[in-house]
Amino acid sequence: MSWEIVIGLETHTQLSTQSKIFSGASTAFGAEPNVQASAVDIALPGVLPVANRAAVERAIRFGLAVGATIHRRSVFARKNYFYPDLPKGYQISQFEIPVVQGGTITIATKDGEKTVRLTRAHLEEDAGKSLHEGAGELGQGMSGIDLNRAGTPLLEIVSEPDMCSSEEAVAYARALHSLVRWIGICDGNMQEGSFRCDANVSVRRPGAPLGTRREIKNLNSFRFLQQAIDYEAQWQIETLEDGGRIQQATVLFDADTGRTRAMRSKEDAHDYRYFPDPDLLPLEVSESWIERVKSEMTELPAAKRERYQGDYGLSAYDAAQLTQSRETAAFFEDMVQRLGADAAKQCANWVTVELAGALNRDGLDIAQTPVSSALLAALVSRVRDNTLSGKMAKDVFDALWKGEGGSEGAVDAIIASRGMKQISDTGELEGIVESVIVANPKSVEEFRAGKEKALNALVGQAMKATKGKGNPAVLNEIFRKKLGA
Ligand code: ADP
Ligand code: MG
């Protein structure tokens, strides 16, 4: 009998505010330990936290982007526990009433689109960080605590247990990652911990009620997320098949071994003794605030995808590629703006194939591209007016990529300096076609006998004779005419 895997994700996204969620201390990454922890962040006696408006506004933006309910009144609560990186003994979070409730994220799966439901998204503060021996000045056997991160604003986004494979979980995490960057609430930097996932995993027989879950903590790369879920699900299946039971637990993923191991048995909400934080007023969000945030939001990726498919006839795949980031979409739209909607498909190809390939190869972000949208549009227009063959255009692209010429005239300058102009003139090409026919009687015979491939060989010879400058489409046509096809 088969098994079904069930996954729900809790994602901590660090909100990109200048200051902490309840204090004015800086959130900048990479400072010397403990220079950015204010008295409020560590709750020294007598201080009072004040909610950061910019953090709340980012939560509203997220709620609007996923079609959620934004509670007009939510409550900050203390979640009480002890840990060395939380010397104040509690974390300020939201419990019974989160600021954002419900909403959905759409993901692409191998069986088409799937909607993952969101349970909630709540605001909370981050804790500090334990540093272990070897870090900074720490000697052997020493651990240190860096409280710079204490009080950094987080939006914890909780999904329903709607995913049923590691691929779906990764697709969800990627979609969420791209959305939070798109709407500008999180920088998405996973190495710096700005976007971390906890994966809740259980298995069950088809049709059976949900199994007992184990929660894998703090996965900070998509690859680890996938590996951890795969290992965990397999481990649970083997444990159950061996007659064992799954105990609810919090587990850690060890990237070196690729295994998960239990860290502690799972605590329940009542263990945390949640209660409303007496130092903070309930969080009130007015209708006009929500309206203003809504009016300031840019077009969302889902709307763009629909428009690209409807207006430009792009495939769902291309539309998805082009909306991976706001920068990519802007790049593509700028090209279409310059060349017209007719050229949209060609522009999409250049962005998703050549440009994406080169960026990927050199490990660059689109914001760092040496070939601007204006330059790429100039190049594509020379393909469209038949000046360049596809092959030549790729060579020009490589030259642009290497920084040959920075201005918009660079494309024509490269074409001129390399004598690259494609020959599309029928008169000029006919003579070449005739001599190729004479020199290749075998291919001619094969083509006449119905072997279409033989024509490619002939066109190839003619391309060689023109040093790659012949227009293959025109050559093709002339051969067909001359050979009476
Ligand atoms: P907690 O905050 O204690 O981890 P929640 O009940 O809020 O608990 O659940 C957290 C996450 O676990 C959610 O993303 C939810 O979808 C997921 N989840 C709940 N039950 C299961 C289950 N049986 N299998 C897999 N995931 C689950
Ligand atoms: Mg949890």
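Below, all heavy atoms of this structure are taken into account, side chains as well, without hydrogens, waters or symmetry copies. Treat the numbers as computed from the prediction; the structure is a model and nothing was measured. Counting starts at 1 for both ligands and their atoms, in listed order.
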In ligand 1, which numbered atoms sit nearer than 4.0 Å to a non-hydrogen atom of [X]?
| X | result |
| --- | --- |
| Pro161 | 16 (O), 26 (N), 27 (C) |
| Leu9 | 14 (O) |
| Ser159 | 13 (C), 14 (O), 15 (C), 16 (O) |
| Glu215 | 4 (O) |
| Leu210 | 23 (N) |
| Glu160 | 16 (O) |
| Gly211 | 23 (N) |

Pair Phe22 + Phe76: ring centers closer than 6.0 Å: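 Yes; Phe76 has its ring centre under 6.0 Å from that of Phe22.
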Lys129 bridged to Asp85 by N-O distance under 4.0 Å: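 The answer is no: the pair does not qualify as a salt bridge.
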Carboxylate-amine/guanidinium proximity below 4.0 Å for Glu57 and Arg292: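 A salt bridge is present here (some side-chain N lies under 4.0 Å from a carboxylate O).
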Selection from Arg204, Glu10, Gln248, Arg214 by shortest heavy-atom distance to atom 10 (C) of ligand 1: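 The nearest heavy atom belongs to Glu10.
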Val158 N/O to ligand 1 N/O under 3.5 Å: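 No - when backbone and side-chain N and O of Val158 are compared with those of ligand 1, no distance drops under 3.5 Å.
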Donor on one side chain, acceptor on other, Asp41 and Ser23, under 3.5 Å: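 Indeed, the side chains of Asp41 and Ser23 share at least one donor-acceptor pair under 3.5 Å.
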Tyr308 and Glu333 side chains, donor-acceptor separation under 3.5 Å: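 Yes, because at least one side-chain N or O of Glu333 sits under 3.5 Å from a partner of the opposite role on Tyr308.
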Pairs satisfying side chain to side chain donor-acceptor pair (under 3.5 Å), at least one member in residues 239-255, at least two apart: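 Applying side chain to side chain donor-acceptor pair (under 3.5 Å) to every pair that reaches into residues 239-255, excluding sequence neighbours, yields Trp3-Glu241.
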Partner residues of Glu291 under the salt bridge (Lys or Arg N to Asp or Glu O under 4.0 Å) criterion, sequence neighbours left out: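 With neighbours one apart ignored, the set is Lys294.
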Region of Asn200 engaging ligand 1 - heavy atom pairs below 4.0 Å: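 Both the backbone and the side chain of Asn200 come within reach of ligand 1.
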